Amino acid sequence: MSSPTLSPAPAAPGAPLTKKALTADHPTWCPGCGDFAVLAAFYRVLERLQYPQESIVTMAGIGCSSRFPYFVNTHGGHFIHGRSLPFSAAVSLGRDDLHVFVFGGDGDGFSIGGNHLVHTARKNVRLTYVIMDNSVYGLTKKQTSPTSPIGFKSKTDPTGAIDQPINPMRTLVNSGATFVARSHATQVNHMIEMMEKAARHDGFSVVEILSECVEFYEGAFDAGNPRKGGKFELVENHDPKDLEAAFRLANEAWPGRFGIFYDSPRPTKNALEKGLIAKARERTKGASDLELLQASFRKAR
Amino acid sequence: MISADSGNRVGPKSCRCSAKDFGNELKPKWCPGCGDFGVMNALYRALASVGRPPHEIAFVSGIGCSSRIPEYTTAYGFNSLHGRALPIAQGIKMAHPELLVLVAGGDADAFSIGGGHFPHAVRRNPDLTYLVMDNQVMGQSDGQVSPTSAKGAKSRGSTQGSLEAPINPVLYALAYGAHFVAQGIPADLDGLSKLIEEAIRFPGFAFINIQSPCITFGDPDMQVLVQKTRMKKLKTEGHDPADRAAAMELAQASGDVLYTGVFYKNPNPPPSYGSLIASRQRTPALEPSDALA
Amino acid sequence: MRGLVIGIAGASSDGITAAGESLINAFAQEGYFATLSTNPGTQIRGGDVFCRVRVSTDPVLNSGGLLDLAVVLDWENFSQLSGELSVGPETVVVYDRRSGLTASALPLGGVRPAAAVAVPVAEIAIHAGAPTQARESVVLGLLSAWLRLPQKRVLEALVSRHKAGGDPSPKTYQKAFADAVAYAKEHPLGRAIALDPAAPPEGKRRVADGNEMCARAALFSGCKFFSGYPITPASEIMQYLQREIWKYGGSCLQAEDEIAAAAAVIGASYAGTKAMTATSGPGFSLQTEVLGLASAVELPMVCVNVQRGGPSTGMPTTQEQADLFAATFSSHGDTVRPVLAPTSVADSFDVTVEAFNIAEQYQTPVVVLTDRELAQCKAVLEPIEPSQFRVVDRLEPTKAELKRYARFQITDAGISPISHPGMRGGNYLAAGLEHDEKGAPTASGEIHAQMTRKRLNKLNPLKLRKDLFLFEGDLDAHIGLVSWGNVSGIAREAVRMARAKGVKVKLLVPRLLYPVAETIYEDFFATLRRCVVVEQSHQGQLHRLLRMWTQTPREFMSVSKSGANRITPEEIVRLIQAMEQPATDRFRSHYCDLLNVI
């Protein structure tokens with residue numbers, strides 16, 4: 001194991017943001033893990049976006065994929081299992097100038113944190129959420145996850161899983177997210193395109209990336225990988241504003257399609273709150289906080 | 001006792017009960033005119049017609065005005081924790097599969113604090129009947145916005161109006177893959193009681209969203225107006241409840257049209273959770289039992 | 001020698017855990033007692049891995065202190081583990097020659113071991129044809145020859161884990177093993193570390209870890225429902241029951257989070273079934289909501305908390321005893337819930353059975369505070385004698401009582417019969433709202449006081465249960481120790497060692513931590529002038545709890561270390577010797593780091 005690294009030096013002021021400046025600790029993932037490709041793609045996305053390094057925030061919950069923030073030299077947080085979205089939502093709402101990216105796995109996103117996903121999405125908080133779905137609990141060494149298919153044998157289902165898995169895309173489209181896309185960790189260029197579009201989207205954007213766990217669920221996503229005899233079929237002739245069409249795409253048989261399922265902006269909670277504050281401030285005619293409070297006490301008498 | 005596999009599906013009546021046998025002497029703590037009274041009466045009728053005696057029924061709820069409902073029945077009741085009714089009910093059903101297990105609660109219980117449990121109950125498909133009394137407001141805590149409050153809705157607890165897109169309970173249940181999804185209103189007592197009965201008899205997880213107006217904190221005029229002017233019965237509209245895609249399309253009309261009746265009922269329901277568990281218990285062991293070796 | 005502590009460290013591909021398992025299985029069959037602690041390290045796969053095997057001809061009380069023999073396959077990994085695998089001046093260090101280090105240049109932090117021997121582990125493995133996979137066989141071959149273990153048994157344990165027809169083939173492992181044995185015979189260790197022969201065991205001994213014993217105890221107690229969520233280091237309990245519970249007609253639910261898991265457990269209990277959940281710190285934090293409800297509605301449930309380093313995510317693969325406050329106090333409202341802690345791997349069985357008994361008898365949630373060390377430590381165990389255990393079932397209403405049934409009836413003992421759905425006439429409402437005897441909600445202060453008294457007083461008999469305490473040492477000693485959980489095994493050994501040196505000392509080990517049994521402690525304290533509570537938490541949580549509830553001796557001190565820093569029997573012996581000395585400033589303060597005292 002590498003010794004704990006202090007934050008590496010950020011890019012020099014004015015210098016372009018490069019992978020070199022963004023690299024932090026060496027990842028603790030197993031050799032061959034799909035998450036390495038997601039990390040590499042994320043560096044490329046940040047290189048393209050060229051946000052100021054100090055305005056980027058990388059967040060995560062708990063799980064293998066949630067180790068992500070340790071490996072990116074930006075502001076970051078490694079939070080509680082399932083709770084990365086409420087944590088990150090408040091960062092975004094409190095500091096609208098920041099660019100918030102949240103990473104996590106399928107257990108974090110659809111099981112323990114499934115409720116927060118729906119509520120952060122419907123509130124349309126401006127952030128980008130990347131779910132690295134490996135369909136298994138890897139960090140705790142192979143238990144059934146909410147996206148494990150029926151019949152999957154794990155330490156908690158030695159005779160095969162019996163619970164109907166979550167359909168991630170149907171769940172995400174239904175959550176109220178205003179941008180929903182799907183990609184595969186073996187398709188680096190596609191991943192970069194999806195993550196970049198998600199980052200540029202004004203609202204709650206989410207990208208689900210099938211990222212294989214070579215240790216506990218090898219070959220899970222081969223059906224979507226041409227190099228393993230599968231098919232990587234893109235979303236085509238699809239109106240991303242059409243909710244029903246998005247549901248139809250989500251209902252397609254495994255491995256389904258990859259690309260943007262839904263993209264239909266509506267006002268973000270960030271913008272609506274800003275408006276609310278501006279309106280309220282207008283009424284108070286620039287009074288200071290203390291004056292407002294004193295006025296409220298006068299009223300109380 | 002009937003077999004574990006039959007669960008909530010009950011054939012011939014096992015008791016001669018009337019609606020009265022399911023009500024007790026307690027006076028409900030709901031405001032006069034609350035929609036939940038109607039739900040309660042519809043439930044009594046449905047239970048009488050199903051015919052399981054009160055002591056074979058476990059009735060679980062969370063916290064909220066509507067979650068008081070088990071208190072007013074003679075069944076075994078469990079008025080539990082805010083949002084946790086579904087996991088508790090699943091524990092009861094798995095431990096004691098012969099029971100008829102009912103779950104009830106409000107919209108915040110189901111879709112806010114308990115929202116994380118809902119999709120998982122749906123995908124396990126235990127043989128439960130879940131009645132959500134959706135009043136689009138947090139009534140017991142003085143009228144804050146709930147996750148089903150319409151965008152812009154103002155209430156006593158949220159004078160600025162909601163900034164958020166509401167959850168659409170019917171679409172939500174359909175998207176998660178529920179096999180029985182219906183909507184009812186307490187004003188249509190007869191229709192609602194038949195709906196509840198059908199849900200109880202459905203072998204698997206059955207969800208009914210009940211638009212139950214809150215006359216104190218909600219916008220009952222609006223809710224009643226909608227119910228009068230924009231209500232349509234799915235049956236008379238010619239909707240085929242076996243058509244899932246059509247159901248999802250209709251569900252999106254929420255807010256414009258109030259459809260009542262069965263949105264979706266899987267004509268070939270998959271094996272319920274109870275039967276899958278029973279089959280595991282019958283499966284020969286993988287390894288010799290070694291508990292005390 | 002009568003006993004040995006062996007540590008093996010390397011990279012995860014070196015098969016270290018597997019080597020440890022082969023060793024302990026061979027020891028068990030040969031009649032030795034042994035423990036095996038392993039640690040997968042902080043990385044998911046790859047990185048530092050170690051195992052520690054303690055073997056003895058006598059029962060093993062803990063996994064030991066300084067190593068007698070250290071086997072190092074990778075020095076980068078070893079330096080991370082100095083807190084867990086400590087080398088001392090008596091240690092023989094054996095290391096892979098491939099590192100190229102000379103004996104005097106080993107990175108041991110200034111410690112000079114008794115001997116340092118370079119051996120060609122990698123070379124023998126390469127020669128056998130499997131450079132990585134066969135390293136485990138080489139280590140086992142070397143150890144078998146040097147320790148004079150029955151080679152056939154070790155080889156059997158080794159080969160049985162590798163499938164015939166697998167790659168590499170069992171023959172490869174056999175060859176590597178045989179070559180290593182031959183090498184060890186040609187190169188005897190400078191210092192004899194051969195084990196004395198063990199007496200043949202009476203019954204068939206088994207190897208199991210604390211999590212397995214806990215799961216077995218649940219089945220023994222009649223637990224028919226389990227629900228949990230994956231979490232290190234408690235997952236093995238769920239995994240065991242997911243495999244086994246169906247055969248007993250029970251069922252198991254992997255829930256969507258720990259809240260749902262605990263809620264499902266209370267649902268099953270409401271339905272009349274014995275039920276359990278198991279988790280670790282972060283999950284326990286979520287479950288406190290449901291534990292509070294269980295106290296309010298007086299339903300039995302067992303919650304196992306396998307403690308790990310905290311707070312928050314903390315150190316998932318290391319042990320600490322810092323959840324005692326959380327277990328006792330993490331509920332709002334005026335309530336008490338029993339907290340038990342096993343003292344050894346074998347005791348995990350006894351304490352879990354007792355947890356079910358207390359839960360069912362007193363209609364209360366019970367927390368079992370085990371810890372990572374016990375949960376994932378394998379030990380050689382004597383066969384269980386079922387007749388030594390009693391199993392308590394909950395009090396059900398009689399037919400007469402069902403005619404006028406009041407679920408929460410006020411009785412002398414505070415225990416009222418529980419009905420369950422399906423029982424005619426027993427219909428009631430279980431509610432988290434305060435309720436009267438019949439279960440109807442109430443806002444009456446009088447009823448609230450009555451019900452609170454009922455819920456608290458019913459637990460009082462527990463405080464007289466001397467069988468929930470272990471005692472060791474001289475009754476009339478002036479100095480004494482209190483210790484709990486896995487650390488108590490270290491304290492017990494230390495007390496025996498100190499007494500062998502002629503020191504008069506005694507030790508009290510509570511398995512019931514809460515409610516605090518005041519009289520049992522005060523009887524123990526009566527002869528004491530000086531008492532120290534030894535535990536593995538920075539705050540000394542048991543020490544603070546005892547000061548809160550009992551009349552403690554005048555010099556009553558906490559000596560503790562944070563998690564992941566091993567407390568050794570030798571340290572405690574030095575502590576006991578220091579306690580014998582006349583009063584010093586060190587004993588006047590309440591809290592002290594162990595090292596400051598000794």
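Remember, it's a predicted structure, so these values are computed and weren't measured experimentally. Residue numbers start from 1 in every chain, and the chains themselves are labelled A, B, ... in the order their sequence lines are given, proteins ahead of strands.
Contact count against chain A (heavy-atom pairs under 4.5 Å) is highest for B/Ser112 among B/Ser112, B/Pro119, B/Ala245. Your options are A/Gly82, A/Ala121, A/Ser175, A/Ser111, and the one with the most heavy-atom pairs under 4.5 Å with chain B is A/Ser111. Per-residue heavy-atom pair counts under 4.5 Å with chain A were compared for B/Val122, B/Asn125, B/Ile167, B/Leu174, and the maximum is reached by B/Ile167.
Judged purely by atom type and a 3.5 angstrom limit, B/His120 has no side-chain atom pairing as donor or acceptor with the backbone of A/Gly114. Looking at A/His119, its side chain never comes within 3.5 Å of a backbone N or O of B/Pro147 through a donor-acceptor pair.
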Let me check something: any side-chain donor-acceptor pairs from residues 248-263 of chain B under 3.5 Å, sequence neighbours excluded? List them with distances.
unit_1: B/Gln252; atom_1: NE2; unit_2: B/Met248; atom_2: O; d: 3.3

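Atoms CG and CG, from A/Asn174 and B/Leu171 in turn, are 5.0 Å apart once rounded to the nearest 0.5 Å.
No side-chain heavy atom of B/Pro166 sits under 4.5 Å from any side-chain heavy atom of A/Arg122. Between A/Asp157 and B/Arg280 the shortest side-chain heavy-atom distance falls below 4.5 Å.
Heavy atoms of A/Ile162 lying under 4.5 Å from chain B belong to its backbone as well as its side chain. For a residue to count as touching a neighbouring chain, one of its non-hydrogen atoms must lie under 4.5 Å from one of that chain's; by this rule A/Arg266 touches chain B with the side chain only. Only the side chain of A/Leu243 comes within less than 4.5 Å of a heavy atom of chain B; its backbone N, CA, C and O stay farther away.
Side-chain atoms of A/Asp163 and B/Tyr273 include a donor-acceptor pair closer than 3.5 Å.
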For this session: Tell me, with the steps shown, if B/Lys151 and A/Leu272 meet side chain to side chain contact (heavy atoms under 4.5 Å, CB included).
Result: CA-CA 11 Å; B/Lys151 200 161 181 167; A/Leu272 291 168; 4.1 Å; yes
Exercise. Run the side chain to side chain contact (heavy atoms under 4.5 Å, CB included) check on B/Phe118 and A/Asn115 step by step: do they pass?
Worked result: CA-CA 9 Å; B/Phe118 187 86; A/Asn115 199 19; over 6 Å; no
For this session: Walk me through it: do B/Arg124 and A/Gln164 pass the test side chain to side chain contact (heavy atoms under 4.5 Å, CB included)?
Result: CA-CA 6 Å; B/Arg124 286 183 199 118; A/Gln164 175 72 34; over 6 Å; no
